[in-house]
Amino acid sequence: MSLHLTNSMSGKKEPFQPIDPKNVRLYVCGPTVYDFAHIGNARPPVVFDLLFRLLRHVYGEGHVTYARNITDIDDKIIARAAESGTPIATITEKFARIYREDMAAIHVLPPSIEPHATDHIAQMIAMIADLMDKGFAYAAQEHVLFHVPAMPDYGKLSHRPRDEMVAGARVEVAPYKKDPADFVLWKPSDADQPGWESPWGKGRPGWHLECSAMIKAHLGTEIDIHGGGQDLIFPHHENELAQSECCHGHPFVRTWVHNGYVLSGGEKMSKSLGNFHTVHDLLADFPGEAIRLTLMSAHYRQPLDFTTDGIAENKRRLDRWYRLIAGVEAAQIIPQTVVAALEDDLNSPRAIAALEALAKPESVDQLLAGAQFMGLLQENPDQWFKSNRAGGLDADAIEALILERKEARKARDFARADKVRDQLDAAGIRLLDRPDGTTDWERTGND
C-alpha cells in the first residue's frame, strides 16, 4: 500500500501526497534545552525518526528534509539561569549536547537541519512586522500580540470551542489585550533578561512565533508534515498555524501528525508531576535499543504506559534476536511486511510483530534488514552482549576474574572458582564454557 498518515486536522487516516516528491519537508518541534529530557520527551524523536526513515525509503534519501529545532530562549531557561546563577548560553549548550548524545544512544538519526531559535530573531521580527501590516497583530505596552478574532477560522486544528481555547491556553490576563484569546508575539525584556532590539523596544519572541519563523527560513511557507506531541496541538500548533497562514496567505501544513502521551501509572509523565525517568539515567541501566523498542511498542497515536520492566522485557527480546543474527549479513531488500506495516500510519507494533515472525534461522537475514531499517540491531552481537550498561564490572575486571577462576580450577581450588562464578553471576555476567576449554562471557542484563 502507499503511505497513509492520520492527519490531526481532519482526524482521519489519509493517503500522503507530498507537495513535491523530490523535496519532502518535515518539521518537528524539538527540545527546550534547560534540563535532561525525560522518556516522554523521547517519544516524538523516536516516532518521527521512524517516519524520517520511511520517507527516505519511499522518496529517496536525498529527497527528504527533516528539521527539528532547538528552543534556546524561553522563560523556563531564563528561570533556570536565575536559580542556578549559570549563564543562559552555558545551560543551553550543555543540555543541547546531552540531548543529541541521548538521542544518538537510542539510534535517532540527526535531523537534516537543527535550527536554533536565537539564530532567527531577525526573521521573527520581520514576520511580526508583516502580521502587523496585514492587520493580524498590534502593539500594546511594549508587547506585540496576535489578534485572534482577525482570523475567522482560528481553532480549526484543535477543534475547540472559543471559551475552552481561552481557558486551555492559560493566556495571561492583561488590560492591554483587545481580546482575551490574543497571544504574545513579542514581549519586553527586563535589564537582567536576554533581549534583542526591535521596533517595539528591547525584548524577546513568543514561543509560538519561533517555530513559524524557523520553518519559513529553512523549509518554506508550506510544508508537507508538521509533527510533535499531542500536548502541542493547542495552543502551540494552533498558534503556529494562525501566524503562518495569516502571514503567508495560504495553507501552512498539509499533514499534522501528533503522538500520544507517555504515561506512568496511568498518568501523563511530566516534570511537574515528578513521575518521570530521564533518558540519561535510563541509559545507565539499559541499552538504547531496548529503550527505543519500548517507545515503538505501542502505536504512536495511542498512550504508552512506561515501566522499566517493559524495557527489561524488550532487552530480552533483543538478546534473542542478537543471538540469531551472529555471523549473518542483512538481506538486500527490506521485508515488505515491515514496510507495509509502517506505511499504514506508522504501525510500529505490527512492524515489530513482522520482525518477530522473521526471527527464525531461515529468515534471519530479513530480520536483520527489517530491524536495522527500524533503528534496531545496530551493534555487533559480541559487542551487544559485552557492553557495560549498568555501571557494574568493566570488561577488564571481568577478564581478570575469569582468569582468576581459571587459575583456581587449575589449582583444584573449586570453592574459590565457584565463588568467582557466583560473583560474576551476581554482576549479571554469564560465563560461556566452550568445548575447547576456553571461556567467553556475556551480560545477561540482570545486574
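All values below come from the heavy atoms of this structure, side chains included, with hydrogens, waters and symmetry mates left out. Along the sequence shown, the residues carry numbers beginning at 1.
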Do [X] and [Y] come close enough that some side-chain heavy atom pair is under 4.5 Å?
X	Y	value
N7	K12	no
Y322	E379	yes
L318	L377	yes
M9	V253	no
L241	W256	yes
I73	P194	yes
W384	I325	no

### Query
If only atom types and distance count, is the side chain of R160 paired as donor or acceptor with the main-chain N or O of G155 below 3.5 Å?
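Judged by distance alone, no pair lies under 3.5 Å.
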To the nearest 0.5 Å, what is the distance between [atom1] on [X] and [atom2] on [Y]?
X	Y	atom1	atom2	result
I91	T86	CD1	OG1	5.0 Å
L282	I291	CG	CD1	5.0 Å
Q372	L355	CD	CG	11.0 Å

### Message
Going by side chain to side chain contact (heavy atoms under 4.5 Å, CB included), H226 matches just one of H258, R254, E240. Which one?
### Response
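For H226, the side chain to side chain contact (heavy atoms under 4.5 Å, CB included) check succeeds only for E240.
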N/O donor to acceptor pairs below 3.5 angstrom from side-chain atoms of residues 306-314, sequence neighbours left out:
| from | atom 1 | to | atom 2 | distance (Å) |
| --- | --- | --- | --- | --- |
| T307 | OG1 | G310 | N | 2.9 |
| N314 | ND2 | T294 | OG1 | 3.0 |
| N314 | ND2 | G310 | O | 3.1 |

One thing to verify: whether [Y] and [X] come together as a salt bridge, which I'm taking to mean a side-chain N less than 4.0 angstrom from a carboxylate O.
X	Y	result
D344	K13	yes
R350	D345	no
R100	E114	yes

Donor-acceptor pairs under 3.5 Å, side chain of residues 127-140 to any protein atom, not counting sequence neighbours: which ones?
| from | atom 1 | to | atom 2 | distance (Å) |
| --- | --- | --- | --- | --- |
| K134 | NZ | C247 | O | 2.3 |
| Y138 | OH | K178 | N | 2.7 |
| Y138 | OH | D182 | OD2 | 2.6 |

Throw together a table of side-chain donor-acceptor distances under 3.5 angstrom for residues 50-68, partners on residues two or more places apart or in other chains.
| from | atom 1 | to | atom 2 | distance (Å) |
| --- | --- | --- | --- | --- |
| R53 | NE | D49 | OD2 | 2.7 |
| R53 | NH2 | H107 | O | 2.8 |
| H63 | ND1 | K22 | O | 3.2 |

### Message
Testing the basics here: between A351 and A341, what is the closest heavy-atom pair and its distance to 0.1 Å?
### Response
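For A351 and A341, the tightest heavy-atom pair comes out as N-CB, 3.5 Å.
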### Message
Ignoring hydrogens, what is the shortest heavy-atom contact between M124 and A213? Give both atom names and the distance.
### Response
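Closest heavy-atom pair between M124 and A213: CG-CB, 3.5 Å.
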### Query
Using 30° and 60° as the class limits, which term best fits the ring planes of H208 and F183: parallel, tilted or perpendicular?
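Rings of H208 and F183: perpendicular, as their planes differ by over 60°.
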